[in-house]
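Quick note: numbers below take in every heavy atom, side chains included, and nothing from hydrogens, waters or symmetry partners. Counting starts at 1 for both ligands and their atoms, following the listed order. None of these values were measured; they are calculated from a predicted model.
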Amino acid sequence: MPDMEQAAKEAFTKWRGDADRVIVARAPGRVNLVGDHTDYNDGLVLPMILDRAVYVAARLSLDGRTHHLWSENYREGVTYSPEQWPRVRPGHWASYIAGMIQELPPPGPIELLVMGNVPLGAGLSSSAALEMATGLALEALRGKSVPPLDLAQIGQRVEHRYAGVKCGIMDQIVSRAGRTGHALFLDCHTLKWEHIPIRSEGIQFLVIDSRVRRQLATSKYNERRAECQKALQCIQASDAAITSLRYAGTHHVDELKESVFQRRIRHVISENKRVEEACSAVIRSDWSTLGRILSLSHESLREDYEVSCEEMDFLAAYAESLPGVFGARMMGGGFGGCTINLVRSGDGSAVAASVTAAYEGKYKQKPTSHIIGTGLEAGCSYD
Ligand code: GLA
């Protein structure tokens, strides 16, 4: 049993006294190569899984009456009876678990421990990983499997209802269905995906965490979604055939007056195009093209979608000024979090050291960084 799964069982034993009949499920966090703020516009995305995951160790409650939840990372427990809702705020770690339990009721109350090494709140989808790992554990306890797409949609619903984030579907799908050594090319309209092999001999992907966490990120994210809805209505006023921004064209952008809506649509259209181009660049192992696409994506997220921030702009621009860097961009919902950097093989550590020193000098805050591996797939293990 891999180390983290073993550690989850040991932590469970410490918590409950033994780990008899415990199952351990895991689901990874993600990075997104390109395709941000496109998923909830029926668009295209190209994420890949991390080799960091959320682990859930669970079994039916021995007392037969109460749900017992424990977070090893927060060192905090929550207990509640199945007829009630736990007394936690929306977005609290236990709210995701309770939401999944609500959606996929186990045959009785459960004991569930969660731990993981996906940085929390850093835009690496720790919450989607928590939903998917909990979902897999519940599938095992129910003795009934759930198709990956259905589980992803359940996770998305939990995020909407119990965390108040009106997220798209990208994070849950890639966490549940992403494959080692592959990016996942996902069409968020048809909800079909394809695994794209990454021949990474010549390159490394480096993730740099700005450590910026903004409280307003959730509300700004929901605000962008609402703006896209309004932008769509502007287009539909003259062209009712357009059912989502995915199908808007550049002529629609040209027809609109210079406005927030025009800029939002322009991002969505150009970002979808970049995902298609990035996908063929990955297939050809054409890293300089992929690097250029990352830079253009950052620019569009900064100028047209307005979800970047000074620190992320600095991280991306500084990295791109260094030798061996093909391209860099902010990633995920925005307003803080991480950049993804495409770096020539062997240069990752030097680039990380250089960016860290420059960022620390300017912002008096040390970013964390890691070179990502081939990714750890979601799964479940029994004794
Ligand atoms: C968050 C959401 C995703 C997606 C990204 C932006 O990660 O959970 O659904 O919208 O932001 O691309």
Checklist entry - How about N41 and S244: does a side-chain donor come under 3.5 Å of a side-chain acceptor? => result no
Item to check | Protein heavy atom at shortest distance from atom 10 (O) of ligand 1 | outcome: Y221 OH, 2.6 Å
Item to check | Nearest-contact summary for atom 5 (C) of ligand 1 - protein heavy atom, Å | outcome: M170 CE, 3.9 Å
Checklist outcome for this item: A student checking ligand 1 against G168 at a 4.0 Å heavy-atom cut-off should list atoms 9 (O)
Checklist entry - Is it the side chain, the backbone, both or neither of R30 that has a heavy atom closer than 4.0 Å to ligand 1? => result side chain
Checklist entry - Hey, does C167 come in under 3.5 Å of ligand 1, counting only N/O atoms on both sides? => result no
Checklist entry - In terms of atom number and element, which parts of ligand 1 are under 4.0 angstrom from non-hydrogen atoms of G333? => result 6 (C), 11 (O)
Item to check | Residue G332 vicinity, atoms of ligand 1 by number, heavy atom under 4.0 Å | outcome: 6 (C), 11 (O)
Next on the checklist: I'd like to know if E303 pairs up with R263 as an ion pair, taking the criterion as any Lys NZ or Arg NE/NH1/NH2 lying under 4.0 Å from an Asp or Glu carboxylate oxygen.
Outcome noted: no
Item to check | Polar side-chain atom of R344 near backbone of F326 as donor-acceptor pair, under 3.5 Å | outcome: no
Next on the checklist: Under 3.5 Å, is there a donor on one side chain and an acceptor on the other for Q172 and E131?
Outcome noted: yes
Item to check | Distance from atom 9 (O) of ligand 1 to nearest protein heavy atom, with residue and atom | outcome: D39 OD2, 2.5 Å
Next on the checklist: Taking 4.0 angstrom as the limit and counting only heavy atoms of Y40, give me the atoms of ligand 1 inside it, by number and element.
Outcome noted: 10 (O)
Checklist entry - Any N/O of T38 closer than 3.5 Å to an N/O of ligand 1? => result no
Next on the checklist: Can a side-chain donor-acceptor contact be found between E271 and S300 if the only test is distance below 3.5 angstrom?
Outcome noted: no
Checklist entry - Side chains of W15 and E111: do they bring a donor and an acceptor to under 3.5 Å? => result no
Next on the checklist: Looking only at protein heavy atoms, which one is nearest to atom 12 (O) of ligand 1, and what is the separation?
Outcome noted: D36 OD1, 2.5 Å
Checklist entry - Counting heavy atoms only, which of I169, N41, D171 is nearest atom 1 (C) of ligand 1? => result D171
Next on the checklist: Taking distance alone, with N or O pairs closer than 3.5 Å, would you say N32 contacts ligand 1?
Outcome noted: no
Item to check | Ring center gap for Y221 and Y40 short of 6.0 angstrom | outcome: yes
Give the table of side-chain donor-acceptor pairs shorter than 3.5 Å for residues 225-232, with sequence neighbours excluded, one pair per line with atom names and distance.
{"unit_1": "R225", "atom_1": "NH1", "unit_2": "K166", "atom_2": "O", "d": "2.6"}
{"unit_1": "R225", "atom_1": "NH1", "unit_2": "C167", "atom_2": "O", "d": "3.2"}
{"unit_1": "E227", "atom_1": "OE1", "unit_2": "R264", "atom_2": "NE", "d": "2.6"}
{"unit_1": "E227", "atom_1": "OE1", "unit_2": "R264", "atom_2": "NH2", "d": "3.3"}

Checklist entry - Looking at Y247 versus H189, is the centre-to-centre ring distance below 6.0 Å? => result yes
